[in-house]
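Below you'll find the structure, written out as structure tokens, and then a few comments.
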Amino acid sequence: MRSQEPRSTSSCAACKLLKRRCGPNCIFAPYFRSDEPKKFAKVHKVFGASNVSKILIEVPEEQREDTVNSLAYEAEVRLQDPVYGCIGAIALLQRKMVELQHDLTLARARLALYAGTYSAGIGYTESDRFSMAALGEFPVACGGIMNSFSQTSYQVNQDAHLYDFTQIPYI
Amino acid sequence: MNPGRCAACRYLRRKCPPDCIFSPHFPPNVPQRFVSVHRIYGASNVAKLLQQLPSHLRAEAAESLCLEAQYRIEDPVYGCVGLVSSLQQQIQDTEKQLAKTRAEIAFLKSQARLSHAALEGNLLDNAVNINFSDHQSFHG
């Protein structure tokens, strides 16, 4: 007599794509819902179901959702940019970071200059002809304004060196 | 055993044909590169990906695959995406710092302009007062 086992009507996206029965212990089921078929399709195309399964088994259960999401992101980016994938995105972000650090260093140096000349009571425009005595009353006011800013605003960023992104980080 | 096999064919224990897709990018002296990509992507997926690219782009693709595979081995949960997130956060923080610093510069500049204008007003008043008192003393 044939088994009266009911057919599963809730196969996960992985088992649907792989055309196999989705068992109760399917490792993909919690993370690849049947209403998100493209997510697994992309991950499968880049990594392969077998490799994804091995990666998921390797990580603690509470971290599997994050793992799947990062794999899905990586697969998406690789499919959009088959040559560089996420490495291309990282390179762009690193370049952006270097530019921003440079801008910040310049801005802080400029701020220090303004703050220095302002507190000294020295005008900063070329047409300035007022003496120190004429501006004597202002340093007190300047001190009050300066105190409202955080101290770090006037320090050139000590960490303005280039970040070493060649080292593999461990988040 | 063919000593001229690439790292991929050695690992896969097969003959390395003259047109092997892996051979230019996985030399036999660096076997770990292929071990990493095979572990994360599988040989078949790597081959398909390289085959679909023009030959002049395959070296870059192989290199980026090796890097990403290495990131994933070191960090199975986030892989290189962890670095992407970290960079995005750093960029956001730095942009905020830059905006704040620029606002501070703008504030100081406006304060300096106001001070400058006030001083000019004071000096003018003083000059007018002096002229007036001179006039008074002259005319008795």
Side-chain angles (χ1 to χ4, degrees), chain A residues 45-48 50-51 54-55 58-60 63-64 66-67 69-71 73-74 77-78 81-90 93-94 96-97 100-101 103-104 107-108 110-111 114-115 117-118 123-125 128 130 134-135 138 141-142 145-146 149 152-153 157 163 165 168-171, chain B residues 38-42 44-45 48-50 52-54 57-68 70-88 90-91 93-95 97-102 104-105 107-109 111-113 115-116 118-120 122-123:
Chain A
K45 189 164 182 184
V46 175
F47 296 100
S50 167
N51 291 332
K54 285 180 201 164
I55 291 171
E58 193 184 307
V59 303
Q63 291 186 302
R64 285 180 186 166
D66 281 351
T67 305
N69 288 338
S70 73
L71 286 169
Y73 180 88
E74 215 176 300
V77 177
R78 179 58 67 174
D81 182 356
V83 180
Y84 296 107
C86 271
I87 301 302
I90 289 168
L93 290 170
Q94 285 178 338
K96 173 87 180 162
M97 192 60 207
L100 276 173
Q101 280 289 341
D103 290 345
L104 183 61
R108 284 181 168 167
R110 213 170 141 214
L111 179 63
Y114 274 119
T117 55
Y118 194 44
Y124 62 90
T125 60
D128 190 346
F130 298 117
L135 294 169
F138 287 96
C142 293
I145 293 162
M146 283 168 63
F149 297 135
T152 54
S153 297
N157 187 358
Y163 292 92
F165 292 123
I168 297 172
Y170 191 87
I171 307 293
Chain B
H38 181 263
R39 182 172 160 183
I40 300 301
Y41 298 104
S44 168
N45 286 337
K48 279 184 210 165
L49 193 139
L50 292 177
Q52 77 181 22
L53 292 171
L57 291 175
R58 286 175 188 165
E60 296 285 307
E63 191 59 38
S64 70
L65 285 168
C66 291
L67 271 172
E68 277 190 38
Q70 194 53 39
Y71 275 116
R72 185 59 66 173
I73 290 167
E74 294 279 335
D75 183 355
V77 179
Y78 297 106
C80 66
V81 178
L83 182 53
V84 171
S85 298
S86 168
L87 281 168
Q88 286 171 339
Q90 286 173 31
I91 284 170
D93 293 343
T94 308
E95 279 173 341
Q97 288 175 48
L98 185 59
K100 186 183 172 213
T101 305
R102 284 176 174 163
E104 289 168 4
I105 290 171
F107 178 79
L108 281 180
K109 279 173 90 169
Q111 290 299 302
R113 272 193 222 109
S115 307
H116 209 147
L119 275 169
E120 277 188 327
N122 284 345
L123 285 175

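Lettering follows sequence order; numbering is per chain, from 1.
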With a 4.5 angstrom heavy-atom cut-off, which part of [X] approaches chain B: side chain, backbone, both or neither?
X	answer
A/V59	side chain
A/Q63	both
A/R64	neither
A/I55	side chain
A/K45	backbone

Please report the interatomic distance [atom1]([X]) to [atom2]([Y]), rounded to the nearest 0.5 Å.
X	Y	atom1	atom2	result
B/L57	A/Y84	CG	OH	6.5 Å
A/L93	B/Q88	CG	CD	5.5 Å
A/F47	B/N45	CZ	CG	9.5 Å
B/Q97	A/D103	CD	CG	12.5 Å
A/I90	B/Y71	CD1	OH	5.0 Å
A/Y73	B/S85	OH	OG	7.5 Å

Determine the minimum heavy-atom distance between [X] and [Y], stating which atoms define it.
X	Y	answer
A/R78	B/A61	NH1-O, 4.2 Å
A/C86	B/E68	N-OE2, 2.8 Å
B/L98	A/A107	CD1-CB, 3.8 Å

Pairs of heavy atoms under 4.5 Å with chain B: top-ranked of A/V46, A/T67, A/D66: A/T67

Side chain / backbone / both / neither for B/L50 at chain A, heavy atoms under 4.5 Å: neither

Side chain, backbone, both or neither of B/E63 within contact of chain A (heavy atoms, under 4.5 Å):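 Contact with chain A involves no heavy atom of B/E63 at all.
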
Flag for B/Y41-A/N51: side-chain donor and acceptor within less than 3.5 Å: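 No.
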
Contact check, side chains of B/R72 and A/L71, non-hydrogen atoms, under 4.5 Å: yes

Passing option when B/Q90 is tested against A/Q94, A/M97, A/K96 for side chain to side chain contact (heavy atoms under 4.5 Å, CB included): A/M97

B/S64 side chain vs A/G85 backbone, donor-acceptor pair below 3.5 Å: no

Salt bridge (Lys or Arg N to Asp or Glu O under 4.0 Å) between B/R39 and A/E58, intermediate numbers included: CA-CA 13 Å; B/R39 182 172 160 183; A/E58 193 184 307; 3.7 Å; yes

Side chain to side chain donor-acceptor pair (under 3.5 Å) evaluation trace for B/T101 with A/R110: CA-CA 9 Å; B/T101 305; A/R110 213 170 141 214; over 6 Å; no

